[in-house]
Amino acid sequence: AANKIGIIGLGQMGGHMARNLAAAGNHLVVFDVVDANVQAAKAHGKVDAAATPREVAKQCHTIVTMLPSTPHVQEVYLGSTGLIHELTKDHLLIDSSTIDPTFTKSLSATISETGALIIDAPVSGGVNGAKNATLTFMVGGSTPAFDKAQKVLKQMGKNIVHCGGPSTGQAAKICNNLALAIQMTSVAEALTLGDKLGIDPKVLSSIMNTSTSQCWSTTANNPYPGVMEGVPASNDYNGGFASVLMRKDLGLAIDAAKSVEASIPLTSSVHQFYNMIVNTGHGKKDFGYILKFLEGKHA
Ligand code: NAD
């Protein structure tokens with residue numbers, strides 16, 4: 001029983017992570033509130049379904065969770081059928097969900113009282129990274145917990161970075177994503193203005209790519225349709241990183257900033273743009289859709 005691996009949350013990301021863990025030869029015990037996701041995971045090999053998170057903890061010492069947001073993590077860890085009721089000093093819990101770092105810190109303290117080890121290990125790399133086991137894991141937690149988690153994290157990802165104590169993985173994730181959202185917005189503003197001033201977005205983009213404004217949103221995910229092939233902007237903003245998820249991560253950054261009274265004025269503005277994108281029904285579009293808003297051409 002001790003060498004089975006539990007995985008809870010089998011969505012876009014967790015489903016692929018489960019497949020990679022099964023492919024690495026692990027016997028899995030899975031749980032999700034959506035039965036279709038459990039059935040899909042069972043096709044991956046030696047995979048058993050559990051009825052509750054608590055049942056997963058009864059059967060496995062190492063457990064990965066990949067859930068939408070803070071309330072779901074709270075329910076799975078601390079709810080009436082949660083993991084907490086079965087934990088021992090042999091358990092290692094890995095939460096890869098992107099959630100509120102303040103909650104993560106208190107969860108870590110609560111779990112540690114049982115003797116179990118816990119790390120926050122949110123990821124970057126998106127659905128393709130999960131699929132190809134090339135995720136970057138940003139890990140917060142003690143060194144013994146980090147060391148113990150290496151083996152299983154390497155079966156799902158490529159870069160495993162120890163950021164520091166509990167919740168520093170979550171901090172790294174939301175800080176990266178707020179910089180990404182602001183960069184994307186700035187590139188979209190530049191391309192929109194340039195277009196109106198008569199410079200071809202392809203020419204302006206190639207200049208930016210070899211100039212000081214170069215960033216991931218110019219080199220890898222240009223938001224102007226047709227400038228790059230194979231990116232969401234050239235596919236009606238389908239695929240990519242959904243605006244609704246970016247809105248969530250910016251909201252987490254704002255909550256976290258409040259807790260330490262940090263000034264993040266640009267994050268606050270960009271968060272409002274993503275609220276508008278989501279509230280006008282474009283939440284599924286890649287976050288480069290901000291360009292259509294700036295152009296005033298969104299549907
Ligand atoms: P998702 O919504 O596709 O999957 C979440 C899964 O959790 C679903 O299968 C859902 O049924 C399940 N679930 C919800 N509540 C549950 C509960 N109480 N018990 C058990 N299962 C429950 O989300 P996702 O895209 O896989 O993202 C998961 C996390 O990873 C999020 O925090 C997200 O911000 C983060 N993330 C996502 C991406 C991405 O590109 N999708 C990239 C990096 C990080």
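Small disclaimer: the values here were computed from a predicted structure and weren't measured. Atoms within each ligand, like the ligands themselves, are counted from 1 in listed order.
At least one donor-acceptor pair under 3.5 Å links the side chain of Ser243 to the backbone N or O of Lys285. Looking at Thr168, its side chain never comes within 3.5 Å of a backbone N or O of Ala171 through a donor-acceptor pair. Of the possible polar contacts, none joining the Asn221 side chain to the Ser217 backbone as a donor-acceptor pair under 3.5 Å is found.
Here the closest non-hydrogen pair linking Thr219 and Asn209 is CG2-OD1, 3.3 Å.
Among protein residues, Ile8, Gly9, Leu10, Gly11, Gln12, Met13, Phe31, Asp32, Val33, Val34, Asn37, Met66, Leu67, Pro68, His72, Val76, Ser97, Thr98, Val123, Gly126, Val127, Lys173, Leu245, Lys248 come within 4.0 Å of ligand 1, judged on heavy atoms.
Using cut-offs of 30° and 60° for the angle between ring planes, the Phe293 and His282 rings count as perpendicular.
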**Request:** Start with the C-alpha gap between Asp95 and Thr65, add the side-chain angles, then the distance that decides, and say whether side-chain hydrogen bond (donor to acceptor under 3.5 Å, both in side chains) holds.
**Result:** CA-CA 5 Å; Asp95 182 30; Thr65 53; 2.8 Å; yes
